[in-house]
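What follows is one structure encoded as structure tokens, with my remarks underneath.
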Amino acid sequence: MSDLLDTFLNWDYIAEVLPDLLKTGLVNTLVLAGFSAVIGTVLGLGLALLGLSHRRWLRWPARVYTDIFRGLPAIVTILLVGQGLAVVARPLVGNNPYPLGILALSLIASAYIGEIFRAGIQSVDKGQSEAARALGMTHTATMARVVVPQGIRRVLPALVNQFISLVKDSSLVYFLGLLASQRELFRIGQDLAANTGNQSPLVAAGLVYLAITVPLTHLVNFVDRRLRDGRPVRGGDTLDELEPARG
């Protein structure tokens with residue numbers, strides 16, 4: 001039992017790796033996930049709108065793109081983009097695989113986020129758009145001001161779940177070969193584990209991942225409850241005060 005604890009919970013190795021995990025690994029993991037989430041969200045919204053288009057020449061490319069990047073394993077996409085585009089992108093990024101890792105994660109995320117947005121937009125009652133059109137709003141204005149905002153609000157929990165997936169998938173960028181200053185949580189933990197033959201650094205990396213993902217998971221649950229149940233009524237609330245919340 002003591003050997004098992006020493007293999008996975010050696011506090012000397014955990015203390016040794018923890019500064020690098022927090023100063024370098026955590027920052028790089030959040031940068032990879034954050035930039036990928038922003039780019040993936042923008043691309044995903046575009047894919048959702050194209051996928052809902054009545055024009056086949058707009059709808060089908062979006063569907064093919066989504067099927068491809070949802071169907072491929074994440075590591076295959078990362079290697080294809082990170083290694084396959086390295087020669088083409090070298091004039092822009094040099095030998096730095098970091099931007100290509102962000103691009104690969106963004107392409108993966110956009111396919112999933114596009115489906116999330118599409119489901120949210122389709123869940124909005126058609127009466128909403130019909131009422132907006134009856135008021136003289138164009139189709140574009142109706143989508144931008146009425147339908148899309150409501151659809152996004154309904155899928156916020158799913159979007160946070162996708163960000164959690166991006167945090168975990170960022171560990172796969174390790175396979176592109178990062179510089180020492182670009183290492184994310186997994187790479188730092190794995191390097192020291194390989195050097196020492198002890199798994200405690202990887203356990204420490206896992207604990208930092210949990211420190212990110214577990215609060216986000218509870219945030220998803222909280223947001224989901226608030227969206228389903230609405231704002232709780234307090235004893236001092238009046239009908240006039242609650243009216244804006246109903247809208």
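These values consider heavy atoms only, across backbone and side chains, with no hydrogens, waters or symmetry-generated copies. Note that the coordinates shown come from a computational prediction; the quantities given were computed from them, not determined experimentally. Positions are given from 1 along the sequence.
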Using modelled atom types only, decide if a donor and an acceptor are shared between the side chain of [X] and the backbone of [Y] within a distance under 3.5 Å.
{"X": "N28", "Y": "R183", "result": "yes"}
{"X": "N161", "Y": "V220", "result": "no"}
{"X": "E184", "Y": "R187", "result": "yes"}
{"X": "S129", "Y": "K126", "result": "yes"}
{"X": "T29", "Y": "L185", "result": "yes"}

Test item: [X] and [Y] side chains (from C-beta on) under 4.5 Å apart, heavy atoms:
{"X": "L103", "Y": "L85", "answer": "yes"}
{"X": "L21", "Y": "L26", "answer": "no"}
{"X": "R153", "Y": "Q150", "answer": "no"}
{"X": "H218", "Y": "P215", "answer": "no"}
{"X": "Y98", "Y": "V31", "answer": "yes"}
{"X": "I212", "Y": "L30", "answer": "yes"}
{"X": "V148", "Y": "I152", "answer": "yes"}
{"X": "I68", "Y": "V64", "answer": "yes"}

State plainly whether one hydrophobic cluster holds both [X] and [Y], where clusters connect Ile, Leu, Val, Met, Phe, Trp and Tyr through side-chain heavy atoms under 4.5 angstrom apart.
{"X": "L45", "Y": "V38", "answer": "no"}
{"X": "V42", "Y": "L52", "answer": "no"}
{"X": "V173", "Y": "I75", "answer": "yes"}
{"X": "F8", "Y": "L5", "answer": "yes"}

Below 3.5 Å, can you tabulate the donor-acceptor pairs from side chains in residues 104-114 to any protein atom, sequence neighbours excluded?
{"unit_1": "S106", "atom_1": "OG", "unit_2": "I102", "atom_2": "O", "d": "2.7"}
{"unit_1": "S110", "atom_1": "OG", "unit_2": "Y65", "atom_2": "OH", "d": "2.7"}
{"unit_1": "S110", "atom_1": "OG", "unit_2": "S106", "atom_2": "O", "d": "3.3"}
{"unit_1": "S110", "atom_1": "OG", "unit_2": "L107", "atom_2": "O", "d": "2.8"}
{"unit_1": "Y112", "atom_1": "OH", "unit_2": "R70", "atom_2": "O", "d": "3.3"}

Looking at every heavy atom in both [X] and [Y], which two are closest together, and how far apart are they?
{"X": "G177", "Y": "P97", "result": "O-CG, 3.1 Å"}
{"X": "Q190", "Y": "L202", "result": "N-CD2, 3.7 Å"}
{"X": "L72", "Y": "V76", "result": "CD2-CG1, 4.3 Å"}

Once you round to the nearest 0.5 Å, how far does [atom1] of [X] lie from [atom2] of [Y]?
{"X": "L50", "Y": "W60", "atom1": "CG", "atom2": "CH2", "result": "14.5 Å"}
{"X": "I116", "Y": "L47", "atom1": "CD1", "atom2": "CG", "result": "12.0 Å"}
{"X": "Y13", "Y": "T196", "atom1": "OH", "atom2": "OG1", "result": "5.0 Å"}
{"X": "Q182", "Y": "L32", "atom1": "CD", "atom2": "CG", "result": "9.0 Å"}
{"X": "D169", "Y": "F163", "atom1": "CG", "atom2": "CZ", "result": "12.0 Å"}
{"X": "L207", "Y": "L9", "atom1": "CG", "atom2": "CG", "result": "8.0 Å"}

Has R59 got more than 12 heavy atoms of other residues, nucleotides or ligands less than 6.0 Å from its CZ?
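More than 12 within 6.0 Å, yes.
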Could you give me the CA-CA distance, side-chain angles and deciding distance for E115 and R118, then say whether salt bridge (Lys or Arg N to Asp or Glu O under 4.0 Å) is met?
CA-CA 5 Å; E115 285 299 280; R118 189 167 70 91; 2.9 Å; yes
Take T41 and F117, measure what side-chain contact (heavy atoms from CB on, under 4.5 Å) needs, and give me the verdict at the end.
CA-CA 9 Å; T41 298; F117 278 141; 3.9 Å; yes
Could you please spell out the steps behind the side-chain contact (heavy atoms from CB on, under 4.5 Å) verdict for S171 and Y209?
CA-CA 10 Å; S171 63; Y209 275 117; 3.4 Å; yes
Between R133 and E130, is the closest basic N to carboxylate O distance under 4.0 Å?
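Salt bridge flag = no for R133 with E130.
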Listing request: all ring pair (Phe, Tyr, Trp, His ring centres under 6.0 Å) pairs with a residue in residues 172-196, at least two apart in sequence or in separate chains.
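Only Y174-F186 qualify under ring pair (Phe, Tyr, Trp, His ring centres under 6.0 Å).
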